[in-house]
Amino acid sequence: MATQREATGLTTVKVDGELDMLTAPTLMSVVDDELDRGCNRLLVDLRPVRFLGSSGLTALIAVARRCATDQVELRLVADGPSVMRPLEITGLAAAFTTVSDPLDAW
């Protein structure tokens, strides 16, 4: 996972590979650290994700809850079936603002 912070208050977390029970805790740790440092917008880039498991979905829900608590705007970037299909099947697609291009996030 890679992060990028901008002076505008936007933090981008790019997730690569698989988001499952092994990597979901890392996502949560990275997001918690970034939110603790302070930002007003969080962009989670999931385009490189090849597999999104149930633990990854749970982590995304936890990220959304933490952002809501901290009053941080959250956007997901996803454009492939490996991410969009699990979100749609579980009904979670409606719970997130998802864009296919980071430039369309705000």
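The residues of the chain are indexed from 1 along the displayed sequence. Keep in mind that the numbers below use all heavy atoms, side chains included, and drop hydrogens, waters and symmetry copies.
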Would you say [Y] ends up clustered with [X] if hydrophobic residues are merged whenever their side chains have heavy atoms under 4.5 Å apart, either directly or through other cluster members?
| X | Y | result |
| --- | --- | --- |
| Val30 | Ile61 | yes |
| Val99 | Val49 | no |
| Leu92 | Leu74 | yes |
| Phe96 | Val83 | yes |

Kindly indicate whether the side chain of [X], heavy atoms from C-beta on, has any atom under 4.5 Å from the side chain of [Y].
| X | Y | answer |
| --- | --- | --- |
| Val15 | Pro48 | no |
| Met84 | Asp79 | no |
| Leu42 | Val63 | yes |
| Arg41 | Thr8 | yes |
| Leu19 | Leu27 | yes |
| Thr11 | Glu6 | no |

Which heavy atom of [X] sits nearest to which heavy atom of [Y], and what is that distance?
| X | Y | answer |
| --- | --- | --- |
| Ala59 | Met28 | O-SD, 3.4 Å |
| Leu57 | Leu87 | CD2-CD2, 3.7 Å |
| Ala78 | Leu46 | CB-CB, 4.5 Å |
| Leu10 | Trp106 | CD1-CZ3, 3.6 Å |
| Arg5 | Gly38 | NH2-O, 2.5 Å |
| Cys39 | Gly9 | CB-O, 3.3 Å |

- [ ] Mind running side chain to side chain contact (heavy atoms under 4.5 Å, CB included) on Asn40 and Glu73 for me, showing each step along the way?
- [x] CA-CA 6 Å; Asn40 56 19; Glu73 293 183 72; over 6 Å; no
TODO: Check for a donor-acceptor pair, side chain of Thr58 on one end and backbone N or O of Ser54 on the other, with a separation under 3.5 Å.
DONE: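 Looks like yes, one N/O pair under 3.5 Å.
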Task: Derivation and outcome, salt bridge (Lys or Arg N to Asp or Glu O under 4.0 Å), residues Asp33 and Arg37 - done: CA-CA 6 Å; Asp33 288 347; Arg37 290 177 64 195; over 6 Å; no
Task: Check against side chain to side chain contact (heavy atoms under 4.5 Å, CB included), Cys67 and Leu35 - done: CA-CA 8 Å; Cys67 285; Leu35 293 179; 4.1 Å; yes
Task: Modelled atom types, side-chain donor and acceptor of Thr23 and Asp20, under 3.5 Å - done: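 Their side chains do contain a donor-acceptor pair, which is all the 3.5 Å distance test asks for.
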Task: Note: Arg66-Asp36 ion pair, threshold 4.0 Å (strictly below) - done: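 Result for this pair is yes, salt bridge flagged.
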Task: Inter-residue atom distance Gln4.CD - Thr12.OG1, 0.5 Å rounding - done: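 Gln4 atom CD to Thr12 atom OG1 measures 5.5 Å (nearest 0.5 Å).
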Task: Interatomic distance, Met1 atom CE to Asp45 atom CG [nearest 0.5 angstrom] - done: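 Between Met1 CE and Asp45 CG, I get 12.0 Å after rounding to 0.5 Å.
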Task: Test salt bridge (charged side-chain N to carboxylate O under 4.0 Å, His left out) applied to Glu88 - qualifying residues, sequence neighbours left out - done: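 Glu88 satisfies salt bridge (charged side-chain N to carboxylate O under 4.0 Å, His left out) with no residue once adjacent residues are dropped.
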Task: Partners meeting salt bridge (charged side-chain N to carboxylate O under 4.0 Å, His left out) with Asp104 (sequence neighbours left out) - done: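 Per chain and number, Asp104 pairs via salt bridge (charged side-chain N to carboxylate O under 4.0 Å, His left out) with no residue.
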- [ ] Take Arg47 and Asp16, measure what salt bridge (Lys or Arg N to Asp or Glu O under 4.0 Å) needs, and give me the verdict at the end.
- [x] CA-CA 8 Å; Arg47 291 176 295 174; Asp16 193 3; over 6 Å; no
Open item on the list: Using side chain to side chain contact (heavy atoms under 4.5 Å, CB included), reason through Val77 and Asp101 one step at a time and then give a plain yes or no.
Closed with: CA-CA 6 Å; Val77 183; Asp101 186 326; over 6 Å; no
